[in-house]
Number of protein chains: 2
Amino acid sequence: MGITIKDIATIAGVSTSTVSLVMSGKGYVSNKTRQKVQNVIDEYNYRPLLAARQLANNRTGNLGFIISDVHLARSEAFYSRVLHGAELEARNYDTSLILSSVAMDLAIPGNIPRFLKGRDVDGVIVAGSVPDELIRYLKNENIPLVLIDYRVPNLKIDTVFMDNRSGLSLVINHLVSQKIKKIAFIGGSNRHPSIKERFEGYQIAMEHAGLGHISRDEKYRYFIESETNMEVGIEGISEVLKNVPDIEAVVCVNDTTAAGCIQQLRKLKKRIPKDIAVVGFDNNNYASMTHPPLTSVQVPKIELGVEAIRLLISRIENPQQIHQTRIIPVDLIIRESSLKSI
Amino acid sequence: MGITIKDIATIAGVSTSTVSLVMSGKGYVSNKTRQKVQNVIDEYNYRPLLAARQLANNRTGNLGFIISDVHLARSEAFYSRVLHGAELEARNYDTSLILSSVAMDLAIPGNIPRFLKGRDVDGVIVAGSVPDELIRYLKNENIPLVLIDYRVPNLKIDTVFMDNRSGLSLVINHLVSQKIKKIAFIGGSNRHPSIKERFEGYQIAMEHAGLGHISRDEKYRYFIESETNMEVGIEGISEVLKNVPDIEAVVCVNDTTAAGCIQQLRKLKKRIPKDIAVVGFDNNNYASMTHPPLTSVQVPKIELGVEAIRLLISRIENPQQIHQTRIIPVDLIIRESSLKSI
DNA sequence: CTGAAAGCGCTTACAG
DNA sequence: CTGAAAGCGCTTACAG
């Protein structure tokens, strides 16, 4: 079942070694022989069986893509775009992407993805937060590894991030340029590095604009230790309004939080942006569907995936290279929710 | 590098055959030997190399998941949830999911996914529409195949669908029960079977409710030959209003179209649902974020993926079984956009 | 109940 | 420049 290298060799009247050399382009094969063999390959549309090649090469040509099931189940299409980018780029390296979602409470090593148990991948990408224990396991097992939008303290691992700090700088500058000064920040769990960086970006930009230093326990800041969701936005804006009734703008750690915030502000009959401007982060699919449409920081999600694959491939090819962090630039997409002039 | 079955055999003082038999649970092995071997396996945490097993078994344990890049890039998280369901269920069969997106204009067989060229999967799931030529290719190559939410005329293939007709029946009944009678339908390309079925469901339900037969060119019906997107909703509702100014409700072929519809109605200062009720289909992530929140038919996306894997596995295990279509039931989620009583 | 041996379809030193 | 042979790490008739 299925044509093999042996068949091709027989038909072309050469040995399997020669066929193999022709396919790989390695070694010396006379032009004449090469042509002859190539013709047979083309005629029969022969493709080597990956399983056999994998065994002989001690290389699978597969890359694992691990994501927590919470992230994959999330309403935003954020990580599915990152995945898409990874898949597109994996193809450019003649590589396949094997997907596995993991539970946040998975047993290690009992419940690790099948492709790890069976050593069926050459490297692994982890998108977003997963149990730190899993990352430590991967690191220990010496599996080439790239993290996207996540980090484990004290562990040197190749990582791809979006430029969170610059994103917040763009946001604050945009607001300040409209003479807005009282700017709140609504955030989520500080455990996640991007959320932390976004708050830091906010702090830095506020200071830079001469609006003083906003500490973590400042009343302008609402911060909750949970997954970011609409509720965080709803509670956050309520809390902030209680403390600072004349707040002029609120920056949310991401679009989901901002959507909750907008919903709550509408309920409170606040006008957006006239009374309060709202800004999100991620520029997710529904940013343009909120009412009013949401100003947000555009994160190039495809690029995050693409860059992660590139970094992973280079790590596989050069295991000794120094660990690096690649930062993907972001843009501010200005929509109605933050344009006071409207 | 990596512990092999030979190592285990040597350590346990048996042959590799015996180790293999213990692992697979096939054949007879004395309890004593089995224990002895199992202990060594556990102690060394030995896992067989998948590539070797694949070669020996002529079975890869991989399943391919193919989706068009347009679908994967789409704003809704629809197919990424289907994918998630497939991944979860694949695991239950000790199987890995290899993902590949394909362009709608891909060259066949030149540009087919790597896992097809290398015969690296035991079967394939195709989610949503892809080039019909690709499906014919898969069928010709005799690769076990399951389609989700798609169909090719005159081709017998296992398929998983959501219950589109019942969905529309739920919608129409819900509207009719509120004494709404003038109900328009806004749709997309008839090429897609689900869209076709939804319109048919609408026709049937309208007739059933005594509201007459609505033909394809009826003024109540706006139908456009393109991908469904917000523009279809925007243009659709404008067109319908031109023809039937006193329209009471509009049923959209999916939530994206409905979102466009809502946006346009707001622009026209129509009150939703007071002047016009709006209903979508899919119950996508942003259905609850539109203003007002959108009534929609909930499609169990995870289940679509789960059921597709089950069907595929049973096809792989029993290649001769009759081709079947499995229909996943749907629910109506009633929100503000269609509740006249509010 | 267990082991020796062949085979799965490739690749790659090695000889010539 | 090309071929014979060994090897990758498994599984599975087959013998005993």
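The model shown is predicted, which means the values in this text are computed figures rather than measured ones.
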Legend entry - A:Lys117 NZ to D:dG9 C1', straight-line distance once rounded to whole Å: 19 Å

Legend entry - Considering all heavy atoms, the nearest A:Asn285-A:Ala77 contact: OD1-N, 4.1 Å

Legend entry - Residue pairs passing the ring pair (Phe, Tyr, Trp, His ring centres under 6.0 Å) test where at least one lies in residues 99-155 of chain A, sequence neighbours excluded: A:Tyr150-A:His192

Legend entry - Partners meeting side-chain contact (heavy atoms from CB on, under 4.5 Å) with B:Leu72 (sequence neighbours left out): A:His84, B:Ile67, B:Ser101

Legend entry - Pair listing, salt bridge (charged side-chain N to carboxylate O under 4.0 Å, His left out) test, anchored in residues 85-101 of chain B, at least two apart: B:Glu87-B:Arg91, B:Glu89-B:Arg310

Legend entry - Interatomic distance, A:Arg34 CZ vs D:dT2 C1' [rounded to whole Å]: 13 Å

Legend entry - d(CG, B:Leu55; C1', C:dA6) in whole Å: 13 Å

Inset, instruction - Return yes if a side-chain donor-acceptor contact under 3.5 Å exists between B:Gln38 and B:Asp42, otherwise no. - result: yes

Legend entry - Any side-chain heavy-atom pair of A:Ser20 and A:Lys26 under 4.5 Å: no

Legend entry - side-chain contact (heavy atoms from CB on, under 4.5 Å) against A:Gln321, all qualifying residues, sequence neighbours excluded: A:Ser314, A:Arg315, A:Asn318, A:Gln324

Legend entry - Interatomic distance where CG belongs to B:Asn58 and P belongs to C:dG9 [whole Å]: 7 Å

Legend entry - Rounded interatomic separation in angstrom, taking CZ from A:Arg59 and P from D:dG9: 17 Å

Inset, instruction - Supply the atom-to-atom distance A:Ser129 OG to A:Leu134 CG, rounded to the nearest 0.5 angstrom. - result: 11.5 Å

Could you run down the sub-3.5 Å N/O contacts of the protein with nucleotides 10-14 of chain C?
from   : atom 1 : to      : atom 2 : distance (Å)
C:dC10 : OP1    : A:Tyr46 : OH     : 3.0
C:dC10 : OP1    : A:Leu49 : N      : 3.2
C:dC10 : OP2    : A:Ile5  : N      : 2.7
C:dC10 : OP2    : A:Tyr46 : OH     : 3.3
C:dC10 : O5'    : A:Tyr46 : OH     : 3.0
C:dT11 : OP1    : A:Arg53 : NE     : 2.9
C:dT11 : OP1    : A:Arg53 : NH2    : 3.2
C:dT11 : OP2    : A:Ser20 : OG     : 2.5
C:dT11 : O3'    : A:Asn57 : OD1    : 3.3
C:dT12 : OP1    : A:Lys26 : NZ     : 3.2
C:dT12 : OP2    : A:Lys26 : NZ     : 3.3
C:dT12 : O4     : A:Ser17 : OG     : 3.4

Inset, instruction - Just need the stems in DNA chain D: three or more back-to-back Watson-Crick or G-U pairs, each with both distances under 3.5 angstrom, sorted by first number. - result: C:1-3 with D:14-16, C:5-12 with D:5-12, C:14-16 with D:1-3

